[in-house]
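Quick notes on the structure that follows.
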Amino acid sequence: ARRAPQWIYGAEQNFLIVSAEAEDIETAKSKALNEVKKQMVNAISENIRTASHTTTEEIGVDDVYATVELYREELATESGNVPFLSQVTLANVTDYYWEKRYDKKTKAEWFVYHLKYPFSRLNQEELIAKFEAQEAAINRQLKELEQVDFSAFTSVEQMVTQGTTLRTFQSTLMENDSRRKACDRILRGYKSNVEQLTIQAVSVDREKTLYEVYLGEKKMACNIRPYLRSKCLEQMNWQVKDGVNVVTYDYSECFEDEQNYIDITITVMGKKINHRYFIL
């Protein structure tokens, strides 16, 4: 447009009006949209800060406000992944205007991008509801992860699955979210249990080795394929039969006057559990 629209100089009810500068127009546009998101986060922050009640049964006002502050920081660096703002896009913009500016002294050029984005009181309430629902879901899942009973595990796979679930959940949290520390604490509990895993032989002979996996004194089902190593055994194979791990091999190339062995190693959550069995 030949003239700048009046809305870029003022404020209008039910709209957010923002501006951003950058050396190229696309970056300026991106910064302007990011500024819209930051103002929405500010609107949520102000609502929560003045609230005198807990937003949900699971979350207190202070906890929620702390999370909003984190979102504000993440958006400031344009690196935040804020799910409840995912629908804030340029497609919803009501109007826009950009300018190319030039400094005669420095001969520098840059762009200024202005956006007019719809944001009513109803939009604000919907955004707050989405944010609170998201936080409630996160805290519920964390509580469930904290209440996992290690003693109830009957298989090594259960430990691995729960550990993977925990790590996946933690990866969705922002870097400075205090709930990441809670995840680390739970994960230490998993690792403590993994360190108690042992491989115990049922029988060892020149045809096969049968072994089971124990957590302390408790037998655990284990279908994790082991890494097998030997200096002389050939054609080593593994299978699980009737709950027992069976490793078969060919002993014919082994010498009678040497210590012939098989190393059995399983990896659980990054921890290697291994045992060497000598074959007489």
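Reckoned from all heavy atoms, side chains included, excluding hydrogens, waters and symmetry mates.
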| query | What is the minimum heavy-atom distance between Tyr9 and Ala4, and which atoms define it? | reply | OH-CB, 3.5 Å
| field | Atom of Cys183, atom of Leu173 and distance for their closest heavy-atom approach | value |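 Minimum heavy-atom separation between Cys183 and Leu173: SG-CD1, 4.2 Å.
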| request: Could you give me the CA-CA distance, side-chain angles and deciding distance for Leu115 and Ile17, then say whether side chain to side chain contact (heavy atoms under 4.5 Å, CB included) is met? | output: CA-CA 6 Å; Leu115 287 182; Ile17 296 173; over 6 Å; no
Under 3.5 Å, side chain of [X] to main-chain N/O of [Y], donor-acceptor pair present?
X	Y	value
Asn260	Leu233	no
Gln170	Arg180	yes
Glu157	Ile224	yes
Ser155	Gln158	yes
Glu212	Asn245	no
Ser192	Arg188	no
Asp177	Thr172	no
Gln124	Ser120	no
Tyr277	Ala201	yes
Asn237	Gln235	yes

Taking the side chain as every heavy atom from C-beta outward, state whether [X] and [Y] have any atom pair closer than 4.5 Å.
X	Y	result
Lys31	Glu21	no
Met220	Thr154	no
Cys222	Ile266	yes
Ile279	Tyr251	yes
His114	Trp7	yes
Glu207	Thr248	no
Trp238	Tyr227	no
Phe169	Leu142	yes

Does atom [atom1] of [X] have more than 12 heavy-atom neighbours from other groups under 6.0 Å away?
X	atom1	value
Leu280	CG	no
Lys231	NZ	yes
Tyr96	OH	no
Gln200	CD	yes
Lys218	NZ	yes
Gln259	CD	no
Asp149	CG	yes

| query | Given Tyr117, which of Asn92, Thr94, Asn123 fulfils the side-chain hydrogen bond (donor to acceptor under 3.5 Å, both in side chains) condition? | reply |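 One option only clears the test, and that one is Asn92.
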| task | Could you go through the side chain to side chain contact (heavy atoms under 4.5 Å, CB included) check for Arg229 and Thr265 one step at a time? | result | CA-CA 9 Å; Arg229 190 172 70 89; Thr265 304; over 6 Å; no
| task | Test side-chain hydrogen bond (donor to acceptor under 3.5 Å, both in side chains) on Thr209 and Tyr249 and set out the steps. | result | CA-CA 9 Å; Thr209 294; Tyr249 36 76; 2.8 Å; yes
Between [X] and [Y], is there shared hydrophobic-cluster membership here, with clusters defined by ILVMFWY side-chain heavy atoms closer than 4.5 Å?
X	Y	value
Leu90	Phe111	yes
Val247	Tyr214	no
Ile273	Val204	yes
Val268	Val148	yes

| Do we get Lys116 above Phe15's six-membered ring, with its NZ or CZ under 6.0 Å from the centre and within 45° of the axis? | yes
| message | Does Lys272 form a salt bridge (Lys or Arg N to Asp or Glu O under 4.0 Å) with Glu195? I'd like the steps, not just the answer. | response | CA-CA 9 Å; Lys272 293 185 183 299; Glu195 288 173 357; over 6 Å; no
Got a salt bridge between [X] and [Y], using NZ or NE/NH1/NH2 to carboxylate O under 4.0 Å?
X	Y	answer
Glu109	Lys100	yes
Arg179	Glu146	no
Asp103	Lys105	no
Lys29	Glu35	no

| request: Give the other cluster members for Tyr261, using side-chain heavy-atom distances under 4.5 Å between Ile, Leu, Val, Met, Phe, Trp and Tyr residues; answer none if it is isolated. | output: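 Noted: Tyr261 shares its cluster with Phe278.
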| task | Working to the nearest 0.5 Å, report the span between CG of Asn193 and NZ of Lys271. | result |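 Asn193 atom CG to Lys271 atom NZ measures 13.0 Å (nearest 0.5 Å).
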| request: For side chain to side chain contact (heavy atoms under 4.5 Å, CB included), just list the numbers for Tyr211 and Val202, CA-CA rounded to whole Å, side-chain angles, deciding distance to a tenth of an Å, and then say yes or no. | output: CA-CA 5 Å; Tyr211 72 88; Val202 176; 5.7 Å; no
| When the ring planes of Tyr190 and Phe153 are compared, do they come out parallel, tilted or perpendicular, using 30° and 60° as the limits? | tilted
| message | Test side-chain hydrogen bond (donor to acceptor under 3.5 Å, both in side chains) on Arg121 and Asn14; report intermediate values, then the result. | response | CA-CA 7 Å; Arg121 178 62 186 172; Asn14 297 325; over 6 Å; no
| field | Steps toward side chain to side chain contact (heavy atoms under 4.5 Å, CB included) verdict (Ile264, Asn274) | value | CA-CA 5 Å; Ile264 300 174; Asn274 66 288; over 6 Å; no
